[in-house]
> 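Here you go, one structure.
Start at 1 and go down the list; that is how both ligands and their atoms are numbered. In what follows, residues are counted from 1 in the order of the sequence shown. Because only heavy atoms are used, hydrogens play no part in the values below, and waters and symmetry mates are left out as well, while side chains stay in.
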Amino acid sequence: MLKPVIEPSVNAEDFAGQASWAAPSNIAIVKYWGKHGVQLPRNPSVSMTLSKALTGTRLHWRPGTGRLVAFSASGEADAQFADRVAAYLSKMALEHPALARLDFGVETENAFPHSSGIASSASGFAALALGLASAVVAESQGAEASLPEDGPAFRSFAGRLARLGSGSASRSLCGPWMAWGQTEAFADNAEKPTDDHAVPLDHVHADFRTWRDAIAIVDAGKKAVSSSAGHRLMEGNPFAETRFANARQRTLALDRALREGDTDTFVQIAEAEALELHALMMSSKPSYILMRPGTLAVIQAVQEFRADTDLPLCFTLDAGPNVHLLYPASAAAQVEEFIHDAVRRYCDDGRVLMDAAGEGPTRLGPAKA
Ligand code: PMV
């Protein structure tokens, strides 16, 4: 079968409609690690939405058959990335009949530095899924045609589409705190977290709504083992069942800590989850290690700082070597001085990305119907 040609640049005049969204990344406190079925999580996860690590995506559409016909990333053709987006779009065309009747052009750009080692899949798929949800609203005659783009039904629909691209992307649809996956926690939340899509948490203490995340870029290189491969390796991991039970338990404890403003419990959960995630990588078959010596040096410095100052600075890790330093806005002056004096030295080019809790995606311009 001939591969369809994807034009390496997007000419807006070739399309009938468009929607642009900027979506943030997020950092999980209780981690999603292990999946089944159609991108369904093995355990609930909870995350803080970021505000500066954004992807901006303009989706263009015209009558067609669910194909990607033009693509550019940061103004350049990127064949590998284009293939991944094309595969996602043809999957999404099976999800909704309105999408199966369209062809797409995608222009996308990250606001965070290129090759900073920061995963862009959460912000990238969230922004793209929002564009697809806008296309469905613009091109449907049925109930979806009147979905307000700032309402929960639109966000849930986009959240489901985002999940099908990258599970964690579902948690980037709102902020500042999100939960994804079936759980007994958050029982009085307006929307119950489900495996289908993430929901915003209503009862979060004011202190946790302004937490910061300083991302110490220990290694800006591409990681050796992808998250998809990591999720797959959980299938044979001897600690898998214990892991899923721990995550369920910690989600309950984090629910209480977030609503009560209990920073001690928060710190303990965040660090236990980060280390367990990496212990799972080390205990999978084949085993692998994504931490670097600098990762451990930063972790140790954070724990010493906390013991010396009693300030609630803690760390978490994604599936990579970079360290997320989490702290309340009230401790920012001391923590940021510490980062300057004791953390930058372990970072690639001294790079630390300063971010903070955010409210979720923004629509960048009106749709051209
Ligand atoms: O969404 P994925 O498939 O890239 O997986 C994300 C996994 C972690 O970032 C390690 C944890 C999480 O919950 O975000």
> When the ring centroid of Phe157 is compared with that of His96, is the distance short of 6.0 Å?
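Judged by ring-centre distance (under 6.0 Å), Phe157 and His96 do meet the cut-off.
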> Atoms of ligand 1 less than 4.0 Å from Ser121 heavy atoms?
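Those qualifying, in numeric order: 4 (O).
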> Suppose the criterion is ring-ring contact (aromatic ring centres under 6.0 Å, His included): which pairs have a residue in residues 212-239, not counting sequence neighbours?
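Listed by first then second residue: Tyr32-His231, Trp33-His231.
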> With a sphere of 6.0 Å drawn around CD of Gln182, does it hold more than 12 non-hydrogen atoms of other residues, nucleotides or ligands?
no
> Pairs of nitrogen or oxygen atoms closer than 3.5 Å, one from Asp318 and one from ligand 1: do any exist?
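By distance alone, the answer is yes.
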> Show me which atoms of ligand 1 lie under 4.0 Å from any heavy atom of Ser166.
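By the 4.0 Å cutoff, the relevant atoms are 1 (O), 2 (P), 4 (O).
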> By number and element, which atoms of ligand 1 are closer than 4.0 Å to a non-hydrogen atom of Ser168?
1 (O), 2 (P), 4 (O), 6 (C), 14 (O)
> Heavy atoms only: which of Arg171, Lys35, Lys31 is nearest to atom 14 (O) of ligand 1?
Arg171
> Give the ring-plane orientation class for Phe208 versus Phe266, where under 30° counts as parallel, over 60° as perpendicular and anything between as tilted.
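Aromatic pair Phe208/Phe266 classed tilted.
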> According to a 4.5 Å side-chain heavy-atom criterion applied to Ile, Leu, Val, Met, Phe, Trp and Tyr, with indirect links allowed, do Ile215 and Leu325 form part of one hydrophobic cluster?
no
> Going by distance alone, is a donor N or O of one side chain under 3.5 Å from an acceptor N or O of the other, for Ser134 and Trp21?
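Short answer, yes.
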> Find all atoms of ligand 1 within a distance of less than 4.0 Å from any non-hydrogen atom belonging to Ala319, and give their numbers and elements.
10 (C)
> Please list, in number order, the atoms of ligand 1 under 4.0 Å from a heavy atom of Ala28.
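Per the distance check, 12 (C), 13 (O), 14 (O).
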> Check ligand 1 against Gly167 and write out every atom of the ligand that is under 4.0 Å from a heavy-atom position of the residue.
1 (O)
> Any nitrogen or oxygen of His231, side chain or backbone, less than 3.5 Å from one on ligand 1?
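In this structure, His231 places an N or O atom under 3.5 Å from an N or O of ligand 1.
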> Using a 4.0 Å heavy-atom cut-off, which part of Ser227 comes near ligand 1: side chain, backbone, both, or neither?
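Ser227 to ligand 1: side-chain contact only, backbone stays beyond 4.0 Å.
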> Just distances here: any N/O of Tyr32 and N/O of ligand 1 closer than 3.5 Å?
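Tyr32 vs ligand 1: N/O contact under 3.5 Å present.
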> Any side-chain donor-acceptor pair under 3.5 Å between Ser123 and Ser25?
no
> Is the count of non-hydrogen atoms from other residues, nucleotides or ligands lying under 6.0 Å from Gln334 atom CD greater than 12?
yes
